[in-house]
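The next block holds one structure in the form of structure tokens; read it before the comments.
In listed order, ligands and their atoms are each counted from 1.
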Amino acid sequence: MQGLTRRQVLAGLAIMPWLLPASVNASVGRARVVVVGGGFAGATAARYLKRQAPALEVVLVEPKSGFYTCPFSNHAVAGLRSVTTLRQDYRALQQQQVVHVRERALEIKLHEQQVVLQGGQHLRYDRLFLAPGIDMDWQAIEGYDQAAAELLPHAWQAGAQTRLLRRQLQAMDDGGLVIISVPDNPYRCPPGPYERASLIAHYLSQAKPRSKVLILDSKDAFSKQALFQQDWLTRHGERIEWVGRAGGGHVVRADAKRRELVCEFGQRQRAAVINLIPPQKAAVIAQRSGLVDASGWVPIRPATFQALHAATVYVAGDACIAAPMPKSAYSANAQAKVAVTALLADLAGLEPPAAAWRNTCYSLLAPGQAVSIAADYAVSAQRLIERPGSLTLSPLQAPAGLRAQEAALGEAWYQSICADTWGSWS
Ligand code: FAD
């Protein structure tokens with residue numbers, strides 16, 4: 001972990017705003033909090049609710065028995081680790097007396113304070129913690145639906161889609177073209193597509209040296225752009241080409257059977273492998289709850305992460321509107337902790353504490369070489385802001401060893417955040 005102890009890394013994951021007085025645990029009594037979604041935001045919330053208020057009844061509604069993390073899934077796409085190593089499970093949460101209901105939430109009845117499960121049962125709640133992440137916007141690109149995603153994988157939810165993209169890369173001939181189509185903001189993990197391009201190019205350089213990566217982008221600028229582009233040029237030369245929106249990179253139609261994309265200005269592109277990352281929105285359950293606005297995401301009160309239009313519902317992670325915080329696992333984990341303290345204060349009839357957040361995002365450029373971006377966030381005039389002067393980015397001219405050190409820190413971050421989200425207390 002190169003100079004940082006595990007405790008220090010864990011402490012850096014989120015700025016815990018407040019420690020609850022012991023009396024709060026007593027005063028929340030046996031209220032029931034239902035958490036929908038057991039990903040980075042939901043599992044963190046369930047774990048910290050139980051930690052801060054053991055008497056609380058915490059019910060986690062999550063259909064899966066195991067969760068595959070998107071962080072580090074680009075490593076698996078490039079064959080640097082197996083998909084199996086991304087899997088987390090809910091055993092430690094269950095041991096902490098979180099009740100795991102393995103069902104999908106179908107509907108939220110806001111007035112009755114109930115979650116309707118796929119099996120038909122109604123779960124009453126005193127407070128709801130909504131953390132269902134994203135769904136693809138299947139209406140956004142003509143011809144791209146769930147069936148098409150089996151031929152042109154998005155691999156933007158980890159697991160089967162990650163494996164599919166990996167298999168397609170392995171099966172393609174040397175000399176074949178790989179296209180990565182990237183949506184406009186906001187979407188899950190702003191630097192993720194460019195990390196993927198770096199790592200796929202690394203794989204091609206080893207296994208299919210005549211092949212190339214073409215990035216078709218629906219924007220003209222992207223996260224860590226100068227760092228990525230500098231690295232692509234020096235490491236890969238012409239192996240990676242990026243076409244922004246002004247250059248015609250915005251994809252509007254897909255023909256999955258022909259492996260062909262049509263861009264905004266009419267250009268057609270065929271490829272051996274197409275990784276089509278479509279626009280996204282808050283997951284279906286959030287859409288059905290009536291809590292989303294016209295953007296497709298859930299507006300929140302930034303100081304508490306309560307849904308803007310339902311005071312008994314807290315929303316954290318990718319599903320909510322927390323810009324300028326990026327939609328990231330780090331953000332989801334940090335937001336969940338702040339929302340948990342606000343929720344417990346609310347149950348205890350106390351004022352929520354002042355909150356602050358941090359996000360750091362590491363991107364691997366090649367094995368053992370990474371760059372990062374980090375910033376602090378706070379509430380000002382009832383809006384989330386990036387703290388002036390807090391943004392840090394890896395330097396373009398890096399001293400020897402820095403990229404390797406950042407790769408080691410990224411690895412330590414991944415181990416720590418998974419332990420902090422799904423791990424046991426001991
Ligand atoms: P999720 O983690 O997706 O969890 C949502 C959960 O809700 C899922 O388990 C789902 O099954 C469940 N759910 C959905 N609907 C229902 C329902 N109706 N009922 C019950 N449960 C439901 N972030 C970083 O910080 N660092 C990184 O390095 C990084 N790398 C990434 C790389 C890639 C390729 C991608 C795609 C993303 C990356 N991210 C990274 C972003 C990160 O994965 C997301 O921001 C994070 O997962 C968001 O957490 P969440 O809890 O909101 O959603």
Side-chain angles (χ1 to χ4, degrees), residues 13 34-46 59-78 86 88-90 100-108 115-118 123 129-136 153-159 161-162 165 180 182-183 186-197 199-200 223 275 277 280 282-289 297-298 315-320 322 325-336 358-364 370-374 410-411 413-414 417-418 421-422:
L13 286 174
V34 174
V35 180
V36 171
F40 280 96
T44 302
V59 182
L60 174 65
V61 179
E62 164 62 63
K64 294 183 279 199
S65 63
F67 178 88
Y68 290 87
T69 66
C70 284
F72 279 47
S73 66
N74 285 335
H75 303 215
V77 165
L86 305 172
Q88 310 296 324
D89 66 44
Y90 299 99
H100 180 192
V101 175
R102 280 199 54 201
E103 284 213 50
R104 183 163 290 282
L106 267 195
E107 193 189 341
I108 296 164
V115 175
V116 183
L117 303 179
Q118 195 159 28
L123 259 185
F129 201 104
L130 189 58
I134 58 157
D135 271 316
M136 306 304 141
H154 52 76
W156 222 237
Q157 283 158 326
Q161 280 275 310
T162 317
L165 180 56
I180 303 175
V182 187
Y187 63 95
R188 159 176 286 186
C189 195
Y194 313 100
E195 177 187 65
R196 181 171 285 176
L199 296 184
I200 289 178
S223 175
N275 169 211
I277 307 166
Q280 296 139 40
V284 168
I285 183 67
Q287 306 291 330
R288 289 200 190 136
S289 71
W297 307 98
V298 184
V315 191
D318 287 356
C320 73
M325 291 188 83
K327 294 187 185 299
S328 75
Y330 198 129
S331 297
N333 172 278
Q335 291 162 3
R358 182 167 178 76
N359 180 71
T360 303
C361 182
Y362 298 95
S363 299
L364 201 66
V371 289
S372 70
I373 186 169
E411 187 75 43
W413 168 79
Y414 179 67
I417 198 162
C418 289
T421 305
W422 291 277

Val182 vs Tyr187 side-chain heavy atoms within contact, under 4.5 Å | yes

Using a heavy-atom cut-off of under 4.0 Å, does the side chain or the backbone of Ala131 touch ligand 1, or both, or neither?
-> backbone

Ligand 1 atoms in contact with Arg196 (distance to a heavy atom under 4.0 Å) = 34 (C)

Rounded to the nearest 0.5 Å, how far apart are CH2 of Trp297 and CD1 of Ile134?
-> 6.5 Å

Sub-3.5 Å donor-acceptor pair from the side chain of Thr162 to the main-chain atoms of Gly159, do we have one?
-> yes

Those atoms of ligand 1 less than 4.0 Å from some heavy atom in Ser328 | 23 (N), 24 (C), 25 (O), 41 (C), 44 (C), 45 (O)

Could you pull out every donor-acceptor pair under 3.5 Å between side chains of residues 100-108 and any protein atom, sequence neighbours left out?
from   : atom 1 : to     : atom 2 : distance (Å)
His100 : ND1    : Gln94  : NE2    : 3.2
His100 : NE2    : Glu62  : O      : 2.8
Arg102 : NE     : Pro63  : O      : 3.1
Arg102 : NH2    : Pro63  : O      : 3.4
Glu103 : OE1    : Gly119 : N      : 2.7
Glu103 : OE2    : Gln121 : NE2    : 3.2

Atoms in ligand 1 with a heavy atom of Lys327 nearer than 4.0 Å = 45 (O)

Does ligand 1 have an atom that lies less than 4.0 angstrom from a heavy atom of Trp413?
-> yes

Gln287: partners by side chain to side chain contact (heavy atoms under 4.5 Å, CB included), with sequence neighbours left out | Lys281, Ala282, Val292

Look up atom CD1 in Ile417 and atom CH2 in Trp422, then write down how far apart they are to the nearest 0.5 Å.
-> 8.0 Å

Below 4.0 angstrom from a heavy atom of Ala332, which ligand 1 atoms are there? Numbered from 1 as shown, please.
-> 49 (O)

If you measure from each non-hydrogen atom of Arg104 to ligand 1, which part falls under 4.0 Å: side chain, backbone, both or neither?
-> both

Specify whether Tyr330 and Trp413 have parallel, tilted or perpendicular ring planes, treating 30° as the upper limit for parallel and 60° as the lower limit for perpendicular.
-> parallel

If only atom types and distance count, is the side chain of Asn275 paired as donor or acceptor with the main-chain N or O of His154 below 3.5 Å?
-> yes

Using the side chain to side chain contact (heavy atoms under 4.5 Å, CB included) rule, pick out the option among Pro326, Ser372, Ser363 that qualifies with Pro191.
-> Ser363

Mode of Asn74 contact toward ligand 1 - side chain, backbone, both, neither (heavy atoms, under 4.0 Å) | side chain

At under 4.0 Å between heavy atoms, what of Gln157 touches ligand 1? The answer is neither

Any idea which atoms of ligand 1 are less than 4.0 Å away from a heavy-atom of Gly317?
-> 52 (O)

Judging by distance only, is a nitrogen or oxygen of Glu103 under 3.5 angstrom from one on ligand 1?
-> no

Determine whether the side chain, the backbone, both or neither of Pro132 has a heavy atom under 4.0 Å from any heavy atom of ligand 1.
-> both

Can you check whether Arg188's main-chain N or O pairs, donor with acceptor, with Lys327's side chain at less than 3.5 Å?
-> no

Have a look at ligand 1 and work out which part of Glu195, if any, has a heavy atom under 4.0 Å from it: side chain, backbone, both or neither.
-> neither

Ligand 1 versus Ile285, non-hydrogen atoms closer than 4.0 Å: side chain, backbone, both, neither?
-> side chain

For Pro63, the atoms of ligand 1 under 4.0 Å from one of its heavy atoms are 20 (C), 21 (N)

Could you tell me the separation between the CD1 atom of Ile285 and the CG atom of Leu130, rounded to the nearest 0.5 Å?
-> 7.0 Å

Atoms in ligand 1 flagged as close to Val36, the criterion being non-hydrogen separation under 4.0 Å = 19 (N), 20 (C)

Close-contact set for ligand 1 against Ala41 heavy atoms, below 4.0 Å | 51 (O)

The option among Gln88, Arg188, Glu107, Lys64 carrying the non-hydrogen atom nearest to atom 3 (O) of ligand 1 is Arg188

Heavy atom under 4.0 Å from ligand 1: found in Phe72's side chain, backbone, both, or neither?
-> neither

Return yes or no for this condition: an N or O of Asn359 is under 3.5 Å from an N or O of ligand 1.
-> no

Give yes or no for whether the N/O distance cutoff of 3.5 Å, strictly under, is met between Ala105 and ligand 1.
-> yes

Could a heavy atom of Gly192 be found less than 4.0 Å from some atom of ligand 1?
-> no

Separation between OH (Tyr68) and CD (Gln88), nearest 0.5 Å, reads 10.5 Å

